[in-house]
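All chains are named by letter (A, B, ...) in the order of the sequence lines, taking the proteins before the strands, and each is independently numbered beginning at 1. Worth saying up front: this structure is predicted, and the values here are computed from it rather than measured.
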2 protein chains.
Amino acid sequence: QPRVVTGLALAKSEARVTLAGIPDRPGAMALVFSKMSARRIPIDMVVQNVSEAGRAEVSFTVPQSDLADTLTAAGDAVAELGAGEVLSGTNVAKLSAVGSGMRTHSGVAAHMFQALADCGANIQMITTSEIKISTLIAREKCEEALQAVHRAFKLDKPTIEPPGV
Amino acid sequence: QPRVVTGLALAKSEARVTLAGIPDRPGAMALVFSKMSARRIPIDMVVQNVSEAGRAEVSFTVPQSDLADTLTAAGDAVAELGAGEVLSGTNVAKLSAVGSGMRTHSGVAAHMFQALADCGANIQMITTSEIKISTLIAREKCEEALQAVHRAFKLDKPTIEPPGV
Ligand SMILES: C[C@@H](O)[C@H](N)C(=O)O
Ligand SMILES: C[C@@H](O)[C@H](N)C(=O)O
């Protein structure tokens with residue numbers, strides 16, 4: 001692997017919130033995010049995949065200290081949408097590989113995911129951008145996973161960056 | 001809105017591929033992405049949300065010209081995993097808002113999604129990073145949606161960037 005991956009980031013103080021079964025119609029996400037914005041909740045990793053049978057699901061991570069507020073705002077959104085449920089998880093950590101030109105290297109994702117598999121870390125969520133591949137894994141596995149991915153990309157030393165990355 | 005959003009990007013020549021019902025166990029994603037990497041398929045927007053009942057779903061976008069190859073590789077992955085199905089869609093376009101400090105502005109997402117709702121563009125997928133909010137919408141809506149989001153953020157003029165962004 002050329003030095004495509006220049007660093008890793010681990011955020012261990014986030015929680016995951018999921019709104020499942022929400023109506024897949026224009027305006028639904030605007031409502032959800034306006035509820036979050038009204039409470040100034042800093043949203044991190046947002047993931048919405050394609051819907052099935054008219055029902056969509058969105059997950060995002062927030063600082064664990066904002067979880068109670070987020071669940072209230074999510075409950076408001078679901079009530080106004082007239083459908084859906086709110087789920088959450090706190091035993092999570094976000095492990096990201098950071099570097100330039102990730103997109104053209106689908107091998108980088110395969111390499112990272114294989115390192116996670118080899119240490120038994122199950123991937124719960126994935127988002128990618130040109131400069132980053134982020135995964136959500138169980139918090140109790142995150143230190144071991146950080147070391148495993150670190151070795152896989154032959155980086156000098158692990159960095160545990162603040163959740164701002 | 002302060003000038004958090006500095007530009008928009010529209011990619012109109014991508015296709016979406018979804019692997020649904022795949023086993024939620026370590027190694028599944030490594031296998032999927034190694035099949036893509038072996039065929040040098042440039043993967044764009046990857047989205048995996050939390051699984052249900054042990055079955056996960058991953059979607060990603062690829063250049064439309066690589067769709068046939070991608071479907072073959074995805075079929076191989078599903079066959080080796082022993083479970084799942086491959087779905088795809090070509091009437092899609094990726095519309096992204098680009099800027100710095102997006103994460104602390106959950107209002108930016110609400111603002112963008114409201115502009116999409118107002119022009120009747122239904123959001124099919126969402127991924128976010130610190131510098132970008134990306135949505136997948138129907139291709140026939142994408143020009144109108146670009147203009148709508150453009151007005152919402154009071155930008156000077158729309159930019160249609162190559163899919164590389
Ligand atoms: C599910 C949600 O994304 C919906 N399709 C919307 O446009 O808001
Ligand atoms: C579904 C997939 O992400 C699986 N959990 C894995 O770790 O590969």
Next item on the list: Select, from A:S34, A:A121, A:A117, the one with the greatest count of heavy-atom pairs under 4.5 Å involving chain B.
Entry: A:A117

Check: Is it the case that one hydrophobic cluster holds both A:I126 and B:L81, taking links as side-chain heavy atoms less than 4.5 Å apart, direct or via other members?
Finding: yes

Checklist line | Option in A:V32, A:V58, A:I131, A:T128 with maximal non-hydrogen atom pairs under 4.5 Å from chain B | finding: A:T128

Next item on the list: Please name the pair of heavy atoms, one in A:A138 and one in A:Q124, separated by the smallest distance, quoted to 0.1 Å.
Entry: N-NE2, 3.6 Å

Check: Which word best sums up how the rings of B:F33 and B:F60 line up, parallel for under 30°, tilted for 30 to 60°, or perpendicular for over 60°?
Finding: tilted

Item checked: Among B:I123, B:V50, B:L87, residue most engaged with chain A (heavy-atom pairs, under 4.5 Å) -> B:V50

Checklist line | Validation row: B:T135, B:K94 side chains within 4.5 angstrom (heavy atoms) | finding: no

Next item on the list: Select, from A:L136, A:N49, A:D118, the one with the greatest count of heavy-atom pairs under 4.5 Å involving chain B.
Entry: A:N49

Check: Given a strict heavy-atom distance threshold of 4.5 Å, which part of B:T18 is in contact with chain A: side chain, backbone, both, or neither?
Finding: side chain

Checklist line | Contact check, side chains of A:M45 and A:E14, non-hydrogen atoms, under 4.5 Å | finding: no

Item checked: Top of B:K35, B:E57, B:Q114 for chain A proximity - count of heavy-atom pairs under 4.5 angstrom -> B:E57

Notebook entry, point to check: With a 4.0 Å cut-off, would you call A:D24 and A:R55 a salt bridge?
Noted result: no

Margin query: I'd like to verify something: which residue of B:P26, B:C119, B:A28, B:A20 has the highest number of heavy-atom pairs under 4.5 Å with chain A?
Written below: B:P26

